[in-house]
Each structure stands twice: as structure tokens, then as C-alpha cells.
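For reference, the structure is listed below as C-alpha cells.
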There are 2 protein chains.
Amino acid sequence: MPRTPLPEARRTLGALLRHAYEALAEEVYGALPARGFPEIRRAHGAVFRHLPPAGARLTELAIAAGMAKQSMAYLVEDLARLGHVESRPDPEDGRARRILYTARGRRLLELLLRLSAEAELRLAARIGIEEAATLRRALERLAPA
Amino acid sequence: MPRTPLPEARRTLGALLRHAYEALAEEVYGALPARGFPEIRRAHGAVFRHLPPAGARLTELAIAAGMAKQSMAYLVEDLARLGHVESRPDPEDGRARRILYTARGRRLLELLLRLSAEAELRLAARIGIEEAATLRRALERLAPA
DNA sequence: TTTCTTTCGTCAGATTATCTGACCACTAGC
DNA sequence: GCTAGTGGTCAGATAATCTGACGAAAGAAA
């Protein structure tokens, strides 16, 4: 028998993280339809989380997001079709394509960031500012540099 | 212009939560093949997170996991095929089925809980015991009662 | 400068994990 | 005993990933 009692399955750290993430994602992505972006799905976040304002190559994006380049290509193509990014041939490399935000895509990125910040503020109001700050600090220590 | 500067997309609270969850899930589920359960995928976790030792009905499981009963049925059928759960007609209700762990399923549940506890301990070693405790506390305040 | 190797992206095809709608069997409430 | 509601399945769709094979371009080596 283990010294420490095993946690309930719903109370493992992983389950708690998943739940918090799920709730936050729902707040952010759930707000998009009413804000004029009903076509955006959570999977698109993989692009917005990793595409810097100056643009990036497809393969860079795929690596940053930790997925196959084919998978990233599928998301990027979708966002291009929806008018949020465009993919232009890279002048510096004839094989490569540069993924860039359109004006609409930049507005969406800003909206996502604003909604995220607001959701974090609401969370802080629920659990306490101090508590929320330590939560963020702990998570930041786990994130890659 | 917003008073607070917008966060970088990779530093929203959601992105941080997602990253931490992803890392933890990888530790736990990544260990399964070497421990004799190569057939278990992350989606199966929806069952193990919500199926109590005494069993439950399919619809209860679906509601607890926040998914359609058809989706839960797909996961349960898969785990039944793999010998981790079995689904028997409910003696108290002729329409219903009771989902129960097999002996193998119970061992897997225990392993998952143990791996989760170990991953949490390693995380605490990385960021500090105090920090990990406050992380858990904050997340628990966000979880449903 | 020709060749070899690696990298960038696409094509084709598969699988997993979800959903919705329609339905049947059974229970429960009047 | 009807009628309404619930538990579960069937059928079909879609989203979001993957792997393998490949062509074109770049970079390294000869």
C-alpha cells in the first residue's frame, strides 16, 4: 500500500489543470461568435499562439506548436481561406512559404489576447488577486523559456 | 488602447495552463506503454477520470465528462474491447447499462493515479513544494465541488 | 559546377475523437 | 393503460490529428 493515499481521479493535478484550461478556453473561444468571429475554432489557437506579428515559416510554426507540418498546414490553410492569414512564397527560400497575418487576422489576435486578459482578471476576482498571481507564477516556471 | 499591456500569445493564462497540462499528460500517458498498457490513449482518460470504483451508467459518465453519450459510448466500447471495463445490463433499469471496471481496469486506474501522483511530486521538486501546493490549491478553488 | 544530402512543403490516405439526428425500448407519472 | 420522458444505439458527418511518399529547392561537398 502506498504511503500517500492516491488522489481521486478527478483531483489529480492533471485533471485540475485540464479543468481550469477547459473553463478558460470556453470563456475565450465562446465569446468569439458574438464578437464577429463565429468561424474560429479552438484548434486555430495553435496558429495564433505561435505566429509572431512579423510572420513565420510553416515549419517553424509546426515545430513551435509541436505538431506535424501537415497538421499545421491544414490549420493555416483554413485560416487563409477565412481571411485571417495569408501564405506567400518566401523571397529568401524558394521552397518555403511565409505565413503572415492579414489586417483581419491581426484584429482577431488582439481580440484573443484581450479576451484572455479579461478571463484572467475574472479568475483573479474569483480566487483572489494574490492567489491568481501565484498561480501564474507557478505556471510560468513550468513553461519553456 | 488598453491600460494593461496585452500578454504575448504564448503567455496567456490559458496557454500556460495548456502547456502544464500537456506536459503532465505526456508524463503519465507516455509511461503507460512501458508499464504494460500500450493500448491506452489520452481520450480514455475521460472514462477513468469519471468512473467511480462502484461503476456508473453510461449517461452519468457522459454528463460527468461533459460529452455526448454517443462519444462516451465509443470510449467505453473501446475500453471494453481492451478488457478494462465491462458493460452489464442494469438490474434496476431495463434500458440502462452499468459500466464496471474489470480487474485489469482497476489495476490500470491505480497505475494512472500513482503515475499522476509521481508526476506531481516531480513537478513539486522542480518549482518548490510550497509553490506546487499553492498551485494545487488555486486550481482546486476553480474546480467544481 | 556537378552531385549528394538535407530541408520545405504538398499529396494521398488513414485514424481518432468528437458531434447531430433519428430511433427503439423501457420507465414513470398521470 | 396512455403518454411523456430517459437510456442507449445506429447511421452518418466532421474536425483534427497522424504517417509515408514525393518533388523542388538549397546547401555542402567534391
Side-chain angles (χ1 to χ4, degrees), chain A residues 18-19 21-22 25-26 29-30 32-33 37-51 55-82 84-100, chain B residues 18-19 21-22 25-26 29-30 32-33 37-51 55-82 84-100:
Chain A
R18 153 189 281 272
H19 180 268
Y21 169 68
E22 195 59 30
E26 184 49 39
Y29 287 90
L32 291 183
F37 296 98
E39 73 278 21
I40 298 304
R41 304 187 301 275
R42 284 196 201 178
H44 294 137
V47 177
F48 290 99
R49 267 195 305 280
H50 299 287
L51 184 58
R57 289 195 186 160
L58 181 61
T59 300
E60 288 172 346
L61 274 182
I63 290 170
M67 55 171 54
K69 49 193 181 172
Q70 295 94 323
S71 308
M72 182 52 78
Y74 160 82
L75 295 174
V76 164
E77 191 198 317
D78 212 46
L79 286 174
R81 182 178 57 79
L82 296 167
H84 297 290
V85 302
E86 55 182 336
S87 127
R88 314 187 42 176
D90 188 326
E92 324 218 321
D93 187 332
R95 299 164 298 180
R97 315 203 120 252
R98 254 196 117 60
I99 316 303
L100 300 163
Chain B
R18 154 189 280 270
H19 179 268
Y21 169 68
E22 195 58 31
E26 184 50 37
Y29 287 89
L32 291 183
F37 297 97
E39 72 277 20
I40 299 303
R41 304 186 302 276
R42 285 194 200 180
H44 293 138
V47 177
F48 290 99
R49 267 196 304 280
H50 299 287
L51 183 58
R57 288 195 185 161
L58 182 61
T59 300
E60 288 172 346
L61 275 181
I63 290 170
M67 55 172 54
K69 49 192 182 174
Q70 295 95 323
S71 307
M72 183 51 79
Y74 160 83
L75 295 174
V76 163
E77 190 198 317
D78 212 46
L79 285 174
R81 182 178 56 80
L82 295 167
H84 297 290
V85 303
E86 56 182 336
S87 125
R88 312 187 44 176
D90 188 326
E92 324 218 322
D93 188 333
R95 299 164 296 179
R97 317 203 119 253
R98 253 195 118 60
I99 316 301
L100 300 163

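All values below were derived from every heavy atom in this structure, side-chain atoms included, with hydrogens, water molecules and symmetry-related copies excluded. Below, read A as the first sequence line, B as the second, and so on, with proteins coming before strands; counting in each chain starts at 1.
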Determine the interplanar angle of the A:H84 and A:F48 rings, folded into 0 to 90°, and report it as parallel if under 30°, tilted if 30 to 60°, perpendicular if over 60°. perpendicular
Tell me, please, which residues at least two apart from A:R97 pass salt bridge (charged side-chain N to carboxylate O under 4.0 Å, His left out). none
Could you identify which residues of residues 39-48 of chain B place a heavy atom less than 4.0 Å from some atom of DNA chain C, listed by residue number, or say none? B:R41, B:A43
Please give me the minimum heavy-atom distance between B:A56 and B:L61, naming the atom from each residue. CB-CG, 4.3 Å
Residues, nucleotides or ligands: over 12 heavy atoms within 6.0 Å of B:E39 CD: yes
Interatomic distance where [atom1] belongs to [X] and [atom2] belongs to [N] [whole Å]:
X: B:M72; N: C:dT16; atom1: CE; atom2: P; answer: 18 Å
X: A:L82; N: D:dA15; atom1: CG; atom2: C1'; answer: 14 Å
X: A:M67; N: C:dG9; atom1: CE; atom2: P; answer: 15 Å
X: A:L79; N: D:dA15; atom1: CG; atom2: P; answer: 13 Å
X: B:Y74; N: D:dT14; atom1: OH; atom2: P; answer: 18 Å
X: A:L58; N: C:dT7; atom1: CG; atom2: P; answer: 16 Å
X: B:D78; N: C:dT16; atom1: CG; atom2: C1'; answer: 9 Å
X: B:L61; N: D:dT6; atom1: CG; atom2: C1'; answer: 16 Å

Stepwise, does the side-chain contact (heavy atoms from CB on, under 4.5 Å) test hold for A:M72 with A:H50? CA-CA 11 Å; A:M72 182 52 78; A:H50 299 287; 5.6 Å; no
Cationic N near anionic O, under 4.0 Å, A:R98 to A:E60: no
Is there side-chain contact between B:Y29 and B:H44, with at least one heavy-atom pair below 4.5 Å? no
Can you tell me how far the CG atom of A:D93 sits from the OG1 atom of A:T59, to the nearest 0.5 Å? 9.5 Å
Point-to-point distance, once rounded to the nearest 0.5 Å, from CG of A:L82 to CD of A:E77: 10.5 Å
Given DNA chain D, 5'-ward residue of the pair A:E92 and B:T59, judged by closest heavy atom: B:T59
As a test of reading the structure: which of C:dT18, D:dT17, C:dT10 is closest to the side chain of A:R97, going by heavy atoms? C:dT10
Check nucleotides 20-26 of chain C against the protein and report each pair of N or O atoms closer than 3.5 Å, with its distance, or say if there are none.
residue: C:dT20; atom: O4; partner: B:Q70; partner atom: NE2; Å: 3.4
residue: C:dG21; atom: O6; partner: B:Q70; partner atom: NE2; Å: 2.4

